[in-house]
Amino acid sequence: MNLRHAATLVLVGWYLLMPPKNNPEAPLGQWEVISIMYESRSECESLRTNAIQGWLILQDDLHPSAAELNSYVHASRCVSADDPRLKGN
């Protein structure tokens with residue numbers, strides 16, 4: 001493996017993203033990075049699932065603004081760091 005391939009491998013990973021609060025339909029490049037650089041999609045999805053389950057457990061105690069945030073947690077996605085949609089605005 002040459003240096004260029006090694007650099008590519010370092011850059012490939014997974015991000016956990018959440019849409020902007022005022023625009024859940026925004027292009028992926030405008031989404032907020034919640035957590036970065038998981039080695040695999042399954043690792044990222046595991047964190048996402050845990051976050052959703054945490055919100056479900058707390059749901060009875062949520063006030064309206066927190067309930068709104070809950071919907072964005074559910075809208076979150078794991079996205080590969082090399083996904084071309086991340087470069088778009």
(message) How close do I34 and L17 get, counting heavy atoms only, and between which atoms?
(response) CG1-C, 4.3 Å
(request) Could you tell me whether a side-chain N or O of W14 sits under 3.5 Å from a main-chain N or O of A81, the two making a donor and an acceptor? (result) no
(message) Counting C-beta onward and ignoring hydrogens, is there a side-chain heavy-atom pair between E25 and N23 closer than 4.5 Å?
(response) yes
(request) Might you point out which heavy atoms bring R77 and W31 nearest each other, and give the distance in Å? (result) NE-CH2, 3.7 Å
(message) If I compare all heavy atoms of Y15 with all of C44, which pair ends up nearest, and what's the gap?
(response) O-SG, 3.7 Å
(message) In the structure I gave you, are the side-chain heavy atoms of V79 and L28 within less than 4.5 Å of one another anywhere?
(response) yes
(message) Taking salt bridge (charged side-chain N to carboxylate O under 4.0 Å, His left out) as the cut-off, I'd like each qualifying pair that reaches into residues 35-47, sequence neighbours left out, listed once.
(response) R41-E45, E45-R48
(message) Assess the residue pair L16 and V33 against the criterion (side-chain contact (heavy atoms from CB on, under 4.5 Å)); give the C-alpha distance rounded to whole Å, side-chain angles, the decisive distance to 0.1 Å, and a yes or no.
(response) CA-CA 6 Å; L16 178 57; V33 176; over 6 Å; no
(message) According to side chain to side chain donor-acceptor pair (under 3.5 Å), who are the partners of S42, at least two apart in sequence or on a separate chain?
(response) S40
